[in-house]
Amino acid sequence: MASIKFGTDGWRDVIGANFTFDNVAKVAQAYADYLNSQGAKRVVVGYDTRFQAGKFAERAAQVLAAGGLEVLLSKSHVPTPVLSFAVWHLKADGGVMITASHNPPEYLGFKIKGSYGGAAVPALVAEVEKKLGAEPRAFDPARHKLERFDVRKPYYDHLMGLLDMDALRAYEGVLYHDSMGGAGGGWIAGFAKHAGLKLEVRGLHEVPDPMFYGVNPEPIPANQFTVMTVLKAEEGRTFAAVTDGDADRIGAVLAGGANFNSHQIFAVLLKHLALHRGLKGRVVKTFSVSRVVELLAQKLGVEVQTTPIGFKYITDEMLKGGVLIGGEESGGIGVSLHLPERDGIFNALLLLEAVVKSGKGLGEQFAEIEAEVGFKHSYDRLDLHLPSMEHIRAVVEKVSSPRPVAGQKVVGVDTLDGVKWLFEDGGWLLFRASGTEPVLRVYCEMQSPELVKSVLAEAKKLVG
């Protein structure tokens, strides 16, 4: 069973190579055994728009049902946050989401959800991993039943209870939504119709596509050519929300076509929740999130906590209570108003609420934050595909001894998750192995785009 390994959020692998029906059944059996050991009764299963995702979900559901559990299987593909909501709404003891989130099209994955409607915390995952190896029980259609569920209306009603509906109903503008061919297609437009909004939602890539229209379904500039081109013709406060393959992560593009990254989104949501909504609580950010978020939280008098990369660590903190907002560099943001879970659909609507209530576009709001905290944000990331995990580990070991890059003096090193070089002017450079695929990620934040480009160029040469 060494070939099945859980990463930052579930187990992911290449379809047909290691992500097979047999291996999915083995993981489902381990999860069934864990649930039975906890006295669980009910589990829900969902899936995204990837190749054969529905069939893999059905196989997992069969094994769980054969294990004596009541199993509810989604009627169609659903966004991951909707599956998490279903766990909570249907009072299930756990959930399974068949998705590879933002990974390339050839990947699929198996995400586990806790009864609270969020990512499985590390301790739960560890218990499931211990049970890997048992032979999957046989499914008998005469004895084991699979029920189907649809929670679209209850989910929309739930969001209406969280958002400022008076503000949203007063807005008569346009919101673009690029779902990248993933499971979020049509969900924001559906909410607008359900809630009776005057808002016009213009969808891009809404038809499901297992190949995600030729890009990886991650909302970063390299994958957003279409939406950035479309938004060039817009002006004012109009923006596009971009959700990843399973719609738990969010990116944005501003009028004029400029990318508005996850760090900027995190900062705007934090200020909106604290000032416009008057909410309080800790801010939890993963190791690769901008210093702007940390400086803003300090300005607001809010405690900041940094975790390793992976939303499961944020979930852990949210379950302890007292968290206002938690987020990661990859666009996964959770808000205490909602579930202890990332939700790109809810966050898109919350961004729109911030625009309406402030009367200012997202870019203008972030520029104000930069001025308040005294730090200009520029950021980029390299994803370097190296020959093997051994090669990646060797690189991480090599960069453990820092050196000046692009004329920047290193004044400290942090090894919470990977190796982060801290520069004199407040910028930083992070080397870290991906937890979901054989990739070395190199993250950089500086106070100018030119410096980011120079630092990353030298870092790439250093990796070799």
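What you are looking at is a predicted structure, and each value in this text was computed from that prediction instead of being measured.
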- Item | Chi angles and distances behind the ring pair (Phe, Tyr, Trp, His ring centres under 6.0 Å) call for H77, Y47 | CA-CA 5 Å; H77 57 263; Y47 56 94; 7.0 Å; no
- Task: Taking the side chain as every heavy atom from C-beta outward, state whether F266 and S290 have any atom pair closer than 4.5 Å.
- Result: no
- Task: Report the residues that fulfil side chain to side chain donor-acceptor pair (under 3.5 Å) with H144, sequence neighbours left out, ordered by chain and then residue number.
- Result: none
- Using a cut-off of 6.0 Å, state whether more than 12 heavy atoms not belonging to Q38 lie near its atom CD. yes
- Carefully, step by step, assess F6 and I112 under the rule side-chain contact (heavy atoms from CB on, under 4.5 Å). CA-CA 10 Å; F6 282 70; I112 295 174; 3.8 Å; yes
- Task: Can you sort out the partners of Q305 under side chain to side chain donor-acceptor pair (under 3.5 Å), two or more places apart, ordered by chain and number?
- Result: R282, E317
- Item | Whether D244 side chain and R249 backbone form a donor-acceptor pair below 3.5 Å | yes
Cut-off 3.5 Å, no hydrogens considered: what does the side-chain donor-acceptor table look like for residues 86-93, sequence neighbours left out?
residue, atom, partner, partner atom, Å
D93, OD2, K41, N, 2.7
D93, OD2, R42, N, 3.0

- Task: Walk me through it: do K111 and D248 pass the test salt bridge (Lys or Arg N to Asp or Glu O under 4.0 Å)?
- Result: CA-CA 12 Å; K111 288 185 180 182; D248 60 358; 2.9 Å; yes
- What distance separates E206 CD from I188 CD1, expressed to the nearest 0.5 Å? 9.5 Å
- Item | Separation between CG of L350 and NE2 of H276, rounded to the nearest 0.5 Å | 11.5 Å
- Is N23 reaching over with its side chain to a backbone N or O of N18, donor-acceptor style, under 3.5 angstrom? yes
- Using a 4.5 Å cut-off on heavy atoms from C-beta on, say whether the side chain of V355 contacts that of L362. yes
- Do the numbers put K420 on top of the ring of F287, so that NZ or CZ is under 6.0 Å from the six-membered ring centre and no more than 45° off the axis? yes
- Apply the test salt bridge (Lys or Arg N to Asp or Glu O under 4.0 Å) to residues R342 and D9: give CA-CA distance (whole Å), side-chain angles for both, the deciding distance (0.1 Å), then the verdict. CA-CA 12 Å; R342 298 166 289 194; D9 189 6; 2.3 Å; yes
- Mind checking whether C444 and Y379 have side chains closer than 4.5 Å, heavy atoms only? no
- Partners passing side chain to side chain donor-acceptor pair (under 3.5 Å) against E200 (at least two apart in sequence or in another chain): R202
- Under 4.0 Å between a Lys/Arg side-chain N and an Asp/Glu carboxylate O for R432 and E329? no
- List for me each residue that meets side-chain contact (heavy atoms from CB on, under 4.5 Å) alongside L69, sequence neighbours excluded, and say none if there are none. A32, L35, N36, A40, V43, L64, V71
- Measuring from D140:CG to Q62:CD, what's the distance to the nearest 0.5 Å? 11.0 Å
- Message: Is it the case that the side chain of D150 and the backbone of R152 share a donor-acceptor pair, with hydrogens and angles ignored and the cut-off at 3.5 Å?
- Response: yes
- Task: Rounded to the nearest 0.5 Å, what's the gap from CG on L416 to CD1 on I309? Could you check?
- Result: 8.5 Å
- Query: Any ion pair linking D157 and K153 (charged N to carboxylate O, less than 4.0 Å)?
  - Reply: yes
- Task: Show your reasoning for whether side-chain contact (heavy atoms from CB on, under 4.5 Å) applies to L324 and L270.
- Result: CA-CA 8 Å; L324 170 58; L270 168 57; 4.0 Å; yes
- Message: I'd like to know whether the aromatic ring centres of F21 and F56 sit less than 6.0 Å apart in this structure.
- Response: yes
- Audit row: H338, H158, side-chain contact (heavy atoms from CB on, under 4.5 Å) steps and yes/no: CA-CA 9 Å; H338 194 14; H158 176 69; 3.2 Å; yes
- Query: Can you tell me if D178 uses its side chain to pair, donor with acceptor, with the backbone of V242 under 3.5 Å?
  - Reply: no
- What's the shortest heavy-atom distance between L352 and L199, and which atoms? CD2-CD2, 3.7 Å
- Give me the ring orientation class for Y155 and F85: parallel if the planes are under 30° apart, tilted from 30 to 60°, perpendicular past 60°. perpendicular
- Do the charged groups of E353 and R277 touch, with an N to O distance under 4.0 Å? yes
- Note on the structure: side chain to side chain donor-acceptor pair (under 3.5 Å) filter on K357, not counting sequence neighbours, yields D164
- Under the side-chain contact (heavy atoms from CB on, under 4.5 Å) criterion, do V121 and K312 qualify, and how do the steps go? CA-CA 5 Å; V121 297; K312 59 188 177 183; 5.7 Å; no
- Counting only N and O atoms by type, is there a donor-acceptor contact under 3.5 Å from the side chain of R50 to the main-chain atoms of S101? yes
- Look at atom CZ of F51 and say whether more than 12 heavy atoms of other residues, nucleotides or ligands are closer to it than 6.0 Å. no
- Query: Going from CD1 on I250 to CZ on F260, what distance comes out if it is rounded to the nearest 0.5 angstrom?
  - Reply: 10.5 Å
- CE/M211: more than 12 non-hydrogen atoms of other groups inside 6.0 Å: no
- Query: How long is the span from the OG atom in S262 to the CD1 atom in I220, to the nearest 0.5 Å?
  - Reply: 10.0 Å
- Taking the six-membered ring for Trp, are the ring centroids of F110 and F19 within less than 6.0 Å of each other? no
- Query: Judged by modelled atom types alone, do H377 and Q264 share a side-chain donor-acceptor pair under 3.5 Å?
  - Reply: no
